[in-house]
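Working notes, beginning with the structure itself.
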Amino acid sequence: MGVPGSFLDPRVFYHKVAVGDPLLSAMLENPNHIGCHTIDKKSESFFSGTHEIECDAIKICAEKIFGGQPNSQDGYIAGGGTESTIEALWVYRNYFVKTYQARPSEIGVLFSEDSSISIIKGCDLLDIRPFIVKVHSQNRKIDKEYLRQLIRSAKDRGILYFIVVLNMGTEIFGSVDDPDLVCAQLEEQNVPFKIHVDAGIGGFIFPFTQPTHKLSFKNPKITSINTDAYKILRAPFGTSVFMIRKGYMDFALTKEARYVAGKDHTLIGSRSGANAIAVWMLLKTLGSKGMNYKMQRIFIRTRQLCEALDKKHIDYFHEPGMNIVAIKNKYMTRQIESLYGLVPDDTENPQWWRVIVMDHVDNALLDAFIEH
Ligand SMILES: *Cc1c(COP(=O)(O)O)cnc(C)c1O
């Protein structure tokens with residue numbers, strides 16, 4: 001009687017369709033997953049069973065996919081990649097404020113020009129300054145000299161602390177940033193920094209196709225990672241997996257949220273538990289073998305596309321291990337772009353067009369595209 005939540009209105013929603021379907025049943029039951037359940041089990045007792053399922057999904061992602069030590073990461077299923085990135089920036093801004101007595105104006109956020117626009121949104125909301133690093137136009141790698149100069153000029157402008165967002169797959173190119181290159185520059189210039197990895201688009205494929213990559217929790221310099229389950233994994237929208245080493249979530253704790261059992265460490269507030277259940281079902285049903293098989297097959301099809309483009313001497317960018325191929329504009333026509341639903345890097349002045357190989361992008365479709 002004390003909660004303003006209920007199951008979905010059966011006068012409007014047809015409950016019988018859900019019989020025997022765990023996801024649809026969960027949607028109709030409508031559990032609220034407010035808060036971060038990996039921290040303590042004191043959260044809202046009404047939905048404790050499905051909270052456990054969310055904790056298990058976080059554990060699988062953080063430990064099995066991203067190499068974290070057992071029981072050493074917290075996390076939650078956020079509303080999207082944008083929320084995950086802003087949550088990370090929020091945690092680190094408060095970390096520098098509380099640990100170093102920093103002022104927000106002394107905190108800079110460093111990321112490449114191919115990064116998600118969510119970082120700019122986060123900087124605006126949190127009142128911290130963005131510093132955008134140029135990449136080389138052909139190989140999309142961070143320009144080392146530009147980075148060195150950018151850190152130097154940021155320091156000259158009063159920036160003493162850096163939050164770094166590295167990509168495991170940028171949205172248009174699928175390019176993956178090199179943590180060693182960025183850390184070396186920051187360490188050389190002797191500035192404290194924290195690293196978040198935006199694996200929004202690459203997090204469920206790259207660790208399977210490039211298992212020795214350097215952007216996991218095995219890298220002690222990386223504190224947090226997000227990956228979106230609604231992309232290659234095919235979960236519903238609203239399923240970004242946010243993961244962070246234990247000890248950091250408290251920097252985003254809203255102590256004043258006294259009416260929420262277990263308090264709230266998240267940006268979103270109330271959220272659907274059905275989303276967490278969907279992610280967990282996918283992970284448990286595919287299993288590590290199924291995930292590996294699916295991602296290798298997608299990667300093989302991506303390589304076949306690249307080989308076919310090579311044969312036709314068509315320029316493109318492809319990061320090994322990723323399922324994204326960005327093709328140079330000069331080889332494209334408006335007809336091909338619209339027929340195959342390709343996406344440009346810049347809608348007003350396209351230089352590249354993105355193909356992203358998913359389950360539904362099969363050999364027949366790829367062959368037709370190449371032929372065209
Ligand atoms: C998809 C994506 C995002 C944004 O995710 P939303 O869920 O749309 O907020 C952020 N970063 C990367 C790299 C992405 O691929």
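First listed ligand is number 1; within each ligand, the first listed atom is number 1. The structure displayed is predicted, hence computed values, not measured ones.
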Hey, are Arg354 and Glu337 close enough for a salt bridge, meaning a charged N less than 4.0 Å from a carboxylate O? no
If the threshold is 4.0 Å, N to carboxylate O, is there a salt bridge linking Lys121 and Asp124? no
Relative to the ring of Tyr100, is the ring of Tyr161 parallel (under 30°), tilted (30 to 60°) or perpendicular (over 60°)? tilted
Could you tell me how the ring of His37 sits relative to the ring of His51: parallel (under 30°), tilted (30 to 60°) or perpendicular (over 60°)? parallel
Taking C-beta and beyond as the side chain, do Arg93 and Phe251 meet within less than 4.5 Å on heavy atoms? no
Pick from Val109, Ile151, Val182: which one makes a side chain to side chain contact (heavy atoms under 4.5 Å, CB included) with Phe162? Ile151
Short list, please: which atoms of ligand 1 are under 4.0 Å from a heavy atom of [X]?
X      : result
Asp228 : 1 (C), 2 (C), 3 (C), 5 (O)
Ser116 : 10 (C), 11 (N)
Gly169 : 13 (C)

Candidate pair Asp114 and Arg140, rule salt bridge (charged side-chain N to carboxylate O under 4.0 Å, His left out), full reasoning: CA-CA 8 Å; Asp114 287 345; Arg140 312 313 295 182; 3.0 Å; yes
Around Lys144, counting heavy atoms of other residues, nucleotides and ligands shown, do more than 12 lie under 6.0 Å from its NZ? no
Sub-3.5 Å N/O-N/O distance, [X] and ligand 1:
X      : result
Ser118 : no
Gly81  : yes
Thr170 : no
Asp198 : yes

Give me the residue, atom name and distance of the protein heavy atom closest to [atom].
atom                   : value
atom 2 (C) of ligand 1 : Lys231 NZ, 2.4 Å
atom 8 (O) of ligand 1 : Tyr230 OH, 3.2 Å
atom 9 (O) of ligand 1 : Thr82 OG1, 2.4 Å

Using a heavy-atom cut-off of under 4.0 Å, does the side chain or the backbone of Phe237 touch ligand 1, or both, or neither? neither
Within less than 4.0 angstrom of ligand 1, does Ser240 place any heavy atom? no
